[in-house]
Amino acid sequence: MSQELMYDKNSLIIIITLFILMLIINQIAYTLGRRNKDVENAEMKTQSTAIQTGIIGLLALLLGFTFNMSLHRYDARSSAVIEEAGAINRVAMQAKLLPIEIREAVFSELEVYLTLRISLSQVDLSNPEQRSNINKKVNKSQANLIELAQKELVNPKSLLIANGFYQSLSSMIQIENKRTAMLRLHVPEPVLFLLFGVFVTVGGMLGYNSGLGKKRPAFPTILLFTLIVLVVFIIIDLDRPKRGIIQVNQDSLHDATVTLQDYKAGS
């Protein structure tokens, strides 16, 4: 992420810059079109309109492709939260079968682990130092849980139960790693730059053809540009977990806290 140009930039700055750039290109192209209105014949104007239509079609294709890509990643991150909460619940359920001295230690460590995971989900990805500190504590908590499982695995009387607990614990850690990896996945910057380039080109073609027609529909043009940058904002916002308006719902982890307390109280 540190090697990318836009990912760490504020989304509002990106869309405002894009909007202003489109207005500037539109004005320049409009002026150029006014100068050429008497030079180009009807056939050339028809070809220019056809090119504009083709570019707008390409814009629609890129919009659909990019929006679907960012939405898919958002859905995957949402599913990963539910999956992790379920994995933690399975560990707690398996822990109920363990001997009481191990069981109490596991429940206490699970509470610490779940609290850390919830707190980490509230930290912005642009704050790597804080995230790193919490991740170290998460890893330490995982190591403590593994150590507890290993202690019980040497007990032949509860080998099957301990093995089931260890397997559920391994699954929980694997899902946590998967969820962490998903946070780093986003729409590649070359795709966004291509999208922005087509946006600007559309603005230029609209201005040029308006200049050829000797008049420019100002309000519809600004309205179109506004809608375009709003779509861009939604794409970027979906693609940036923990930074924008659209956030992945963390209720499943909070529900897991309640479930853990119920298991602990009933043990």
Side-chain angles (χ1 to χ4, degrees), residues 1 3-77 125-126 185-241 243-247:
M1 292 182 188
Q3 297 179 349
E4 296 184 344
L5 297 176
M6 286 193 305
Y7 192 78
D8 294 329
K9 302 296 185 298
N10 188 287
S11 304
L12 289 175
I13 294 177
I14 293 175
I15 64 170
I16 290 173
T17 302
L18 178 62
F19 184 77
I20 294 175
L21 183 60
M22 291 181 73
L23 289 178
I24 293 174
I25 296 299
N26 182 265
Q27 180 61 42
I28 293 174
Y30 176 75
T31 303
L32 185 61
R34 293 274 294 179
R35 291 178 180 176
N36 294 338
K37 66 180 184 298
D38 297 326
V39 176
E40 295 195 6
N41 55 35
E43 183 179 351
M44 295 176 65
K45 292 179 180 179
T46 300
Q47 291 177 355
S48 179
T49 302
I51 293 173
Q52 174 184 295
T53 302
I55 295 176
I56 291 177
L58 176 61
L59 172 61
L61 179 64
L62 283 173
L63 272 177
F65 171 75
T66 311
F67 185 83
N68 181 68
M69 185 183 294
S70 60
L71 185 61
H72 176 74
R73 283 164 168 74
Y74 173 82
D75 288 340
R77 289 191 290 266
L125 287 179
S126 62
L185 297 177
H186 53 89
V187 177
E189 277 200 340
V191 175
L192 291 178
F193 281 127
L194 176 61
L195 187 62
F196 296 165
V198 175
F199 285 160
V200 173
T201 303
V202 167
M205 289 302 301
L206 288 173
Y208 185 78
N209 284 330
S210 296
L212 292 179
K214 302 181 182 181
K215 61 173 61 177
R216 176 172 51 180
F219 178 75
T221 300
I222 294 176
L223 179 61
L224 175 63
F225 292 173
T226 301
L227 291 175
I228 287 175
V229 296
L230 285 177
V231 173
V232 173
F233 178 77
I234 295 299
I235 290 174
I236 295 175
D237 202 65
L238 283 171
D239 200 43
R240 296 181 171 191
R243 294 190 61 185
I245 298 174
I246 304 174
Q247 297 285 328

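- Of all heavy-atom pairs between Ala29 and Gly204, the closest is CB-O, 2.9 Å.
- For the atom pair Asp75 CG and Leu238 CG, the distance stands at 8.5 Å (nearest 0.5 Å).
- Between the OG1 atom of Thr201 and the OH atom of Tyr208 there is a distance of 15.0 Å, given to the nearest 0.5 Å.
- Ile24 places a side-chain heavy atom less than 4.5 Å from the side chain of Ile28.
- Between Gly33 and Leu212, the closest heavy-atom pair is O-CD2, 3.5 Å.
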>> One pair to check against side chain to side chain contact (heavy atoms under 4.5 Å, CB included): Leu195 and Phe65. What are the steps and the verdict?
In response: CA-CA 10 Å; Leu195 187 62; Phe65 171 75; over 6 Å; no

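- Considering CG of Asn26 and OG1 of Thr31, their distance stands at 9.0 Å, rounded to 0.5 Å.
- Asp239 contributes no side-chain N or O that, together with a main-chain N or O of Ser70, makes up a donor-acceptor pair within less than 3.5 Å.
- Here Leu58 contributes atom CG and Leu194 contributes atom CG; the two are 7.0 Å apart, rounded to the nearest 0.5 Å.
- When the options Asp237, Ile236, Val229 are evaluated for a side chain to side chain contact (heavy atoms under 4.5 Å, CB included) with Phe233, the one that passes is Asp237.
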> What do the steps show when you test Thr226 against Leu230 for side chain to side chain contact (heavy atoms under 4.5 Å, CB included), and what is the final call?
Replying inline: CA-CA 6 Å; Thr226 301; Leu230 285 177; 4.2 Å; yes

>> Show, in sequence, the C-alpha distance, side-chain angles and deciding distance for Leu23 and Gln27, and conclude whether the side chain to side chain contact (heavy atoms under 4.5 Å, CB included) test is met.
In response: CA-CA 6 Å; Leu23 289 178; Gln27 180 61 42; over 6 Å; no

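- Taking the side chain as every heavy atom from C-beta outward, Leu63 and Ile235 approach each other to under 4.5 Å.
- Closest of all the heavy-atom pairs between Pro188 and Met69 is CD-SD, 3.7 Å.
- Using a 4.5 Å heavy-atom cutoff, the side chains of Phe67 and Val187 are not in contact.
- Here the straight-line distance linking atom CD1 of Ile56 with atom CE of Met205 works out to 8.5 Å at 0.5 Å rounding.
- In this structure, Ile228 and Met22 approach most closely via the heavy-atom pair CD1-CE, 3.9 Å.
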> After noting the C-alpha distance and the side-chain angles of Phe225 and Thr221, does the key distance pass the side chain to side chain contact (heavy atoms under 4.5 Å, CB included) rule?
Replying inline: CA-CA 6 Å; Phe225 292 173; Thr221 300; 3.6 Å; yes

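- Remark: Ile246 CD1 to Leu71 CG distance equals 9.0 Å, nearest 0.5 Å.
- Side chain of Tyr74 to main chain of Gln247: a donor-acceptor pair is present (N/O by atom type, distance under 3.5 Å, no hydrogens or angles).
- By the 4.5 Å heavy-atom criterion applied to side chains, Leu206 and Asn209 are not counted as neighbours.
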